[in-house]
Visitor: 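Handing you this structure, nothing more for now.
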Amino acid sequence: MSLPHRYPVSDAARQHTHLDDAAYQRLYRQSVDDPQTFWSEQAKAFLDWFKPWDEVSSGTLSKGDARWFSGGQLNISHNCIDRHLAKRGDQVALIWEGDDPKDSASITYKQLHEQVCRLANVLKKRGVKKGDRVCIYMPMIPEAAYAMLACTRIGAVHSVVFGGFSPDALRDRILDADCRTVVTADEAVRGGKLIPLKGNVDKALKSCPDVSSVVVVERTGNKIDWNDKRDLWYHQAVQQVAADCPAEPMDAEDPLFILYTSGSTGKPKGVLHSTAGYLLQAAMTHKYVFDYHDGDIYWCTADVGWVTGHSYIVYGPLANGATSLIFEGVPNYPDTSRFWQVIDKHQVNIFYTAPTALRALMREGEAPVKKTSRSSLRLLGSVGEPINPEAWEWYFKVVGEGRCPVVDTWWQTETGAIMITPLPGATDLKPGSATRPFFGVQPVLLDEQGKEIDGPGAGVLAIKASWPSQIRSVYGDHQRMLETYFTAYPGYYFSGDGARRDEDGYWWITGRIDDVINVSGHRIGTAEVESALVLHDAVAEAAVVGYPHDVKGQGIYAFVTTMNGVEPSDELKKELLSLVGKEIGSFAKPELIQWAPGLPKTRSGKIMRRILRKIACNELDSLGDTSTLADPSVVDSLIEQRLNS
Ligand code: 6R9
């Protein structure tokens with residue numbers, strides 16, 4: 001194996017940056033040795049407070065009761081909008097690039113202020129109060145950001161549900177958080193196709209009798225069903241309220257948003273974040289990781305339905321008074337040059353995307369990239385899954401022409417903001433490595449017994465001290481948060497990821513070690529897909545595992561046992577796929593379904609996923625111990641029929 005490449009910090013990056021390596025070292029030391037002073041200085045520098053805090057942090061990881069800046073008061077929308085008005089009221093806050101390249105718009109901070117205030121007043125008028133949950137099910141249009149910020153303005157807790165989720169998945173999330181208000185659009189437009197968002201909401205709400213208001217943005221103007229008692233048009237409602245709305249003072253630890261994410265067990269968890277710590281770390285990482293400077297045009301291609309969209313399209317950039325681009329479309333529409341064309345069109349300086357998009361575009365060759373200039377680009381970022389060195393090099397050399405540092409940022413819905421990452425002016429880069437911890441983050445490698453591994457090695461990635469944007473709870477089930485993240489290794493936050501640390505102390509994230517599959521950066525719990533499959537009358541049992549996929553990173557491989565007397569068929573396969581689409585969303589449909597006469601089980605009846613994973617990955621010489629199987633012969637037949645050979 002050849003040694004991984006190392007790219008030293010470029011002169012350009014060093015000269016441009018806020019922080020060189022010496023500054024990183026010094027501040028990192030301080031953040032770990034004297035977190036109280038460090039975070040107190042940062043909280044003053046990055047945020048506007050209505051009332052100062054009493055205590056920087058308290059609580060412990062073992063109790064899962066972290067609190068940051070207790071006693072302090074602030075408001076997120078004030079921090080993201082109002083405080084910028086004096087200096088940059090006429091500066092563009094959001095650039096919207098539509099699905100159709102002919103559609104784009106710019107929204108200044110002044111306009112953002114008015115839009116957010118008006119929508120906040122609409123919500124208030126419909127009875128939404130501080131602490132109430134509001135579901136946001138939206139396309140990638142500016143109104144999605146307005147809705148999030150409007151909630152924060154009045155202290156409502158938003159729960160954004162990705163527009164790719166099915167009506168059933170939407171219903172479950174609305175019920176779990178007891179949302180009474182939904183903000184949506186008539187339809188979404190992606191890659192030239194229409195997605196019936198309002199139609200999906202109507203279906204979901206058949207089982208959500210408590211939802212009393214649905215605010216509908218008119219995106220396409222196509223005909224939709226309407227319920228006069230419940231539904232209101234956004235564009236009409238905002239005209240009927242005042243253009244100003246005071247920002248509600250919120251306690252630092254007041255809940256800010258819920259975002260559902262998959263774990264190893266069945267039901268998605270409503271990860272709950274709170275106000276001050278979240279915004280502080282989102283803003284700070286946005287500035288330092290992306291080397292953001294006043295006037296930069298910044299573009300994160302994520303969807304606001306995922307945490308990356310929350311922290312790095314909306315909250316981090318706007319807290320810093322940045323210009324943030326919201327893209328409605330997809331990388332390959334109208335053609336595979338689209339990303340680079342958008343970069344040229346809006347003169348984007350900082351670009352943040354996912355490895356799966358890069359791998360898909362890489363397959364198209366260099367021509368679609370090379371026909372654009374990209375001369376405005378200064379920095380490239382990656383997030384969502386491990387980036388393979390080949391994709392990293394392509395990103396660096398072809399997209400960035402060797403000029404732009406690539407920051408590979410590791411973090412999670414639960415961490416709220418970036419945790420392990422290079423800083424472009426401080427960190428030598430190694431393709432495929434997320435490199436070093438951000439300020440205040442103390443990652444450790446644990447062995448199977450939960451003991452810390454010193455020096456180079458591989459193990460479980462855990463974090464040993466609280467950080468400001470840490471998960472605060474699982475909505476409605478605090479116990480579940482404690483069990484999922486803080487019980488397996490007492491005193492640590494358990495990430496669910498495996499990692500390696502090299503001789504330079506650099507971190508290499510190797511991927512999930514629990515039953516979570518990362519398909520194109522979407523986290524999907526195997527248990528969720530299995531529960532969908534077994535809903536079918538013809539299915540007796542199903543086991544789902546991940547396998548390496550060239551473009552998506554991982555694909556979903558399902559082993560399905562039919563009921564006695566039911567013959568497997570292509571028809572049944574189709575029904576199963578549409579069932580998963582209905583229960584979760586199209587993005588969770590298995591790529592491969594293998595009919596399994598039986599599943600490998602232990603004598604106590606547990607499915608041995610380890611073996612299924614090996615079969616799905618076609619790693620047959622490392623099947624491991626099969627002696628504990630109740631019936632070892634099922635393995636031979638599964639191997640023979642495997643679909644990924
Ligand atoms: C931000 C986000 C989190 C999971 C995480 C890990 C994977 C994210 C990564 C990465 C390797 C990176 N992941 N960034 N793996 N290198 N730079 O994606 O949040 O949707 O909650 O997913 O994604 O497996 O545990 P989320």
Visitor: Taking C-beta and beyond as the side chain, do C80 and L279 meet within less than 4.5 Å on heavy atoms?
Guide: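 C80 vs L279: side chains touch.
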Visitor: Does H346 have any side-chain hydrogen bond (donor to acceptor under 3.5 Å, both in side chains) partners at least two apart in sequence or in another chain, and if so, which?
Guide: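 side-chain hydrogen bond (donor to acceptor under 3.5 Å, both in side chains) check on H346 returns E97.
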Visitor: If you define the side chain from C-beta out and look only at heavy atoms, does anything of F351 sit under 4.5 Å from C404?
Guide: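 No, every pair of side-chain atoms sits at 4.5 Å or beyond.
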Visitor: Between T261 and R523, is the side chain to side chain donor-acceptor pair (under 3.5 Å) condition met? List the steps.
Guide: CA-CA 7 Å; T261 192; R523 267 168 76 166; 3.2 Å; yes
Visitor: Please find out if less than 6.0 Å separates the ring center of Y278 from that of H310.
Guide: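 Not close enough - the centres of the two rings lie 6.0 Å or further apart.
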Visitor: Tell me which pairs pass salt bridge (charged side-chain N to carboxylate O under 4.0 Å, His left out) where either residue lies in residues 162-171, with sequence neighbours left out.
Guide: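 For residues 162-171, and leaving out neighbouring residues, the salt bridge (charged side-chain N to carboxylate O under 4.0 Å, His left out) pairs sorted by first residue read D168-R171, D168-K582.
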Visitor: As a quick check of understanding, evaluate salt bridge (charged side-chain N to carboxylate O under 4.0 Å, His left out) for D504 and R436, giving each step before the final call.
Guide: CA-CA 10 Å; D504 296 323; R436 308 189 292 194; over 6 Å; no
Visitor: As a quick check of understanding, evaluate side chain to side chain donor-acceptor pair (under 3.5 Å) for Y260 and D176, giving each step before the final call.
Guide: CA-CA 10 Å; Y260 286 86; D176 186 77; 2.7 Å; yes
Visitor: Are the side chains of R173 and C135 in touch, meaning some heavy atoms are under 4.5 Å apart?
Guide: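 No, every pair of side-chain atoms sits at 4.5 Å or beyond.
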Visitor: Look only at the side chain of T427 and the backbone of P424, and say whether a donor-acceptor pair between them is shorter than 3.5 Å.
Guide: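 Flag not set: sc T427 to bb P424 has no pair under 3.5 Å.
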Visitor: Taking the side chain from T510 and the backbone from G498, do they hold a donor-acceptor pair closer than 3.5 Å?
Guide: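 Here the side-chain-to-backbone pair exists.
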Visitor: Could you give me the CA-CA distance, side-chain angles and deciding distance for S495 and Q412, then say whether side-chain contact (heavy atoms from CB on, under 4.5 Å) is met?
Guide: CA-CA 8 Å; S495 72; Q412 309 176 297; 3.9 Å; yes
Visitor: Are the side chain of D477 and the backbone N or O of V474 linked by a donor-acceptor pair below 3.5 Å?
Guide: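 No, D477 side chain to V474 backbone: no donor-acceptor pair under 3.5 Å.
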Visitor: Any donor and acceptor pair, going by atom type alone, linking the side chain of R472 with main-chain N or O of Q470 inside 3.5 Å?
Guide: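 Yes; at least one donor-acceptor contact below 3.5 Å.
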Visitor: Which residue is it: V441, I420, V444? I am looking for the one with a side-chain contact (heavy atoms from CB on, under 4.5 Å) to I463.
Guide: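 Between I463 and the candidates, side-chain contact (heavy atoms from CB on, under 4.5 Å) is satisfied uniquely by V441.
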Visitor: Please report the C-alpha distance between I556 and K589 in whole Å, then the side-chain angles of each, then the deciding distance to 0.1 Å, and finally whether the side-chain contact (heavy atoms from CB on, under 4.5 Å) criterion is met.
Guide: CA-CA 7 Å; I556 301 180; K589 288 181 182 171; over 6 Å; no
Visitor: Once side-chain hydrogen bond (donor to acceptor under 3.5 Å, both in side chains) is applied, do any residues pair with Y7, and if so which ones, sequence neighbours excluded?
Guide: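 Y7 satisfies side-chain hydrogen bond (donor to acceptor under 3.5 Å, both in side chains) with E393 only.
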Visitor: What verdict does the side chain to side chain donor-acceptor pair (under 3.5 Å) test give for T409 and Y352, after you've listed the backbone C-alpha separation in whole Å, the side-chain angles of each residue and the deciding distance to 0.1 Å?
Guide: CA-CA 10 Å; T409 62; Y352 190 30; 2.6 Å; yes
Visitor: Please give me the minimum heavy-atom distance between V551 and A360, naming the atom from each residue.
Guide: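 For V551 versus A360, the nearest heavy atoms are CG1-CB, 3.7 Å.
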Visitor: So, the side chain of N200 versus the backbone of P167: is there a donor-acceptor pair under 3.5 Å, distance only?
Guide: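 Between the backbone of P167 and the side chain of N200 there is no qualifying donor-acceptor contact (under 3.5 Å).
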Visitor: So, R219 side chain and M138 main chain: donor-acceptor pair closer than 3.5 Å or not?
Guide: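 Here the side-chain-to-backbone pair does not exist.
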Visitor: Using the side-chain contact (heavy atoms from CB on, under 4.5 Å) rule, take I593 and L577 through it: C-alpha gap first, then chi angles, then the decisive distance, then the call.
Guide: CA-CA 9 Å; I593 295 183; L577 291 178; 4.0 Å; yes
Visitor: Search all heavy atoms of I141 against all heavy atoms of W96 and return the closest pair with its distance.
Guide: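 Answer, listing the atom of I141 first, then W96: CA-NE1, 3.7 Å.
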Visitor: Aromatic rings F165 and F162: how do their planes relate, parallel, tilted or perpendicular, breaks at 30° and 60°?
Guide: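 The rings of F165 and F162 stand perpendicular, inter-plane angle above 60°.
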Visitor: Show the nearest heavy-atom pair for residues A465 and L61, with the distance to one decimal.
Guide: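 That would be N-CD1, 3.5 Å.
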Visitor: Taking the six-membered ring for Trp, are F559 and Y557 closer than 6.0 Å centroid to centroid?
Guide: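 When the ring centroids of F559 and Y557 are compared, they turn out to be within the sub-6.0 Å range.
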Visitor: The test is side-chain contact (heavy atoms from CB on, under 4.5 Å); show your working for V369 and W394 and say whether it passes.
Guide: CA-CA 11 Å; V369 189; W394 187 82; 3.7 Å; yes
Visitor: Would you say T184's side chain and Y137's backbone share a donor-acceptor pair under 3.5 angstrom?
Guide: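 Flag set: sc T184 to bb Y137 pair under 3.5 Å.
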Visitor: Keeping S382 on the side-chain end and D408 on the backbone end, is there a donor-acceptor pair under 3.5 Å?
Guide: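 Between the backbone of D408 and the side chain of S382 there is no qualifying donor-acceptor contact (under 3.5 Å).
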Visitor: Check the angle between the aromatic planes of W299 and F327 and answer parallel, tilted or perpendicular using the 30° and 60° thresholds.
Guide: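 Ring orientation of W299 relative to F327: perpendicular.
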Visitor: With a 4.5 Å cut-off on side-chain heavy atoms, are T353 and Y395 touching?
Guide: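 Yes, side chains in contact.
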Visitor: Considering non-hydrogen atoms only, spot the tightest contact between D428 and T435 and give its length.
Guide: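 Closest pair (atom of D428, atom of T435, distance): O-CG2, 4.1 Å.
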Visitor: Looking at E591 and G555, would you say the former's side chain and the latter's main chain have a donor-acceptor pair under 3.5 Å?
Guide: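 No, the answer is negative, given that no donor and acceptor are paired below the 3.5 Å cut-off.
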Visitor: Please confirm whether the backbone N or O of Y333 pairs with a side-chain atom of R338, one donor and one acceptor, at under 3.5 Å?
Guide: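 At least one qualifying donor-acceptor pair exists.
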Visitor: Using the six-membered ring of Y506, assess whether NZ or CZ of R6 lies under 6.0 Å from its centre and within 45 degrees of the ring axis.
Guide: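 Checked: cation-pi criterion met.
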Visitor: Are W306 and Y312 close enough that their ring centers fall under 6.0 Å?
Guide: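 No: the rings miss the under 6.0 Å criterion.
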Visitor: Are the ring centres of Y298 and Y292 closer than 6.0 Å?
Guide: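 They do not qualify: ring centres at least 6.0 Å apart.
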Visitor: With a 6.0 Å cut-off on the ring centroids, do Y493 and W467 count as close?
Guide: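 Between Y493 and W467, the centre distance is under 6.0 Å.
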Visitor: Going by an N to O cut-off under 4.0 Å, is there a salt bridge joining D515 and R613?
Guide: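 Judged by the 4.0 Å cut-off on N to carboxylate O distance, D515 and R613 do form a salt bridge.
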Visitor: As a test of understanding, state which of Y28, F46, Y24 forms a ring pair (Phe, Tyr, Trp, His ring centres under 6.0 Å) with F439.
Guide: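 Exactly one pass, corresponding to Y24.
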Visitor: Between D497, T421, T415, which is the residue that forms a side chain to side chain donor-acceptor pair (under 3.5 Å) with W410?
Guide: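 One option only clears the test, and that one is D497.
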